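In what follows, chains carry the letters A, B, and so on, assigned in the order in which the sequence lines appear, proteins first and then strands, with residues in each chain numbered from 1. Everything quoted here is computed from the prediction, not taken from an experiment.
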Protein chains: 2
Amino acid sequence: MATVNRPGTADGHACGIDTAMEVIGGRWKVLILWALHEYPSRRFGELRRLLPGITEKVLASHLREMEADGVVRRVSHDEVPPRVEYSLTEDGTRLNDALEPLAAWGRDRSTGPRLGEEPS
Amino acid sequence: MATVNRPGTADGHACGIDTAMEVIGGRWKVLILWALHEYPSRRFGELRRLLPGITEKVLASHLREMEADGVVRRVSHDEVPPRVEYSLTEDGTRLNDALEPLAAWGRDRSTGPRLGEEPS
DNA sequence: CAGCATCCACCCCGATACTG
DNA sequence: CAGTATCGGGGTGGATGCTG
């Protein structure tokens, strides 16, 4: 958050990429996005289970940041035991969609070998 | 590099996003990509000038990693004084293209305010 | 159940100086 | 010009334990 010293290109147009990179710049954020897209409205514990290896601290802090960034919505039903549901906002959904070509690129490179890329 | 312990979703489909994230996961990599796209075939010093704030060490290491990842091509003409030219590979160009929707998302959020995102 | 508090290790990045 | 060598700081994320 807090728009720290972002790098920029010489001609000043930072092209919006870095804005996006800040929002998804976290070890697990794209996975959280993805999880919330495929399994909408997830509870904390469910997300934790969906993302093997993540710790509660990190999951919590990432969720808070993503909420602050307006890509995740947090709904707390106050009951006992407590229940909180997380889902994507419209903006978060759009972000996730914008991630798809990147995912496709990644899939490509995993499955298909490089196509005549290596030089002599 | 070297495919360290990547996180994954519970159902195992890591959706390729993380593959891409590893390649662009560096403070300046997307900017390098962008610079090489707009100003193809750049020399080391030119790139440094194009990216105000980057240090030689970081530029060099990022360039080496991106070359190893097959997104940047390095051509060394051996003359004196030395001359080296960097450009995008096909894969790098595709990666850059795949980044465009993300850039658009970022631009959107900068210009337009949030559109009815905030809940009650 | 849904977190927070604390401590810490690691790694990335930046600054500076030097080399072929 | 095009890098490499070395050192150091900062921030992220991981482990563990506790709370409403």
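- Where B/Ser61 and A/Phe44 meet DNA chain C, the nucleotide closest to each residue was compared, and A/Phe44 sits on the side nearer the 5' end.
- Note: CG (B/Asp78) to C1' (D/dA2) measures 13 Å, nearest angstrom.
- At C/dC1, none of the side-chain N or O atoms of A/Arg43 fall inside 4.0 Å of OP1 or OP2 (strictly under the cut-off).
- Across all non-hydrogen atoms, the minimal contact from B/Leu99 to A/Ile17 is O-CD1, 3.4 Å.
- C/dC13 atom C1' lies 10 Å from atom CH2 of B/Trp28, rounded to whole Å.
- The CD atom of B/Glu79 sits 13 Å away from the P atom of D/dG3 (whole-angstrom rounding).
- In this structure, A/Ile54 atom CD1 and C/dA2 atom C1' are separated by 14 Å, rounded to whole Å.
- Atom pair B/His62:NE2 and D/dA2:C1' shows a separation of 18 Å (rounding to whole Å applied).
- Computed from coordinates, the A/Arg74 CZ to C/dC4 C1' distance equals 12 Å when rounded to whole Å.
- Scanning atom types as modelled, no donor and acceptor separated by under 3.5 angstrom connect the side chain of A/Lys57 and the base of C/dG3.
- In this model, the phosphate group of D/dC1 is not approached by any side-chain N or O of B/Tyr86 to a distance below 4.0 Å at OP1 or OP2.
- Ion pairing between a basic and an acidic side chain is recognised when a charged N comes within 4.0 Å of a carboxylate O; A/Arg94 and A/Asp91 show such pairing.
- C/dA2 atom C1' lies 14 Å from atom CD of A/Glu67, rounded to whole Å.
- Contact annotation for A/Gly53: no contact, since no heavy-atom pair falls under 4.0 Å across all strands.
- The side chain of B/Arg64 contributes no N or O atom lying less than 4.0 Å from OP1 or OP2 of D/dG3.
- Among D/dG13, C/dG14, D/dA2, the nucleotide with an atom closest to any side-chain atom of B/Val84 is D/dA2.
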message: Show, in sequence, the C-alpha distance, side-chain angles and deciding distance for A/Trp28 and A/Leu59, and conclude whether the side chain to side chain contact (heavy atoms under 4.5 Å, CB included) test is met.
response: CA-CA 8 Å; A/Trp28 298 85; A/Leu59 178 55; over 6 Å; no
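- For B/Arg48 and D/dG3, the shortest distance from a side-chain N or O to OP1 or OP2 is not below 4.0 Å.
- Checking A/Gly45 against B/Val58, the closest nucleotide of DNA chain C that is more toward the 5' end is the one next to A/Gly45.
- A salt bridge does not link B/Glu22 with B/Lys29: every distance from a Lys NZ or Arg NE/NH1/NH2 to an Asp or Glu carboxylate oxygen is 4.0 Å or more.
- C/dT19 atom P lies 15 Å from atom CD of B/Glu56, rounded to whole Å.
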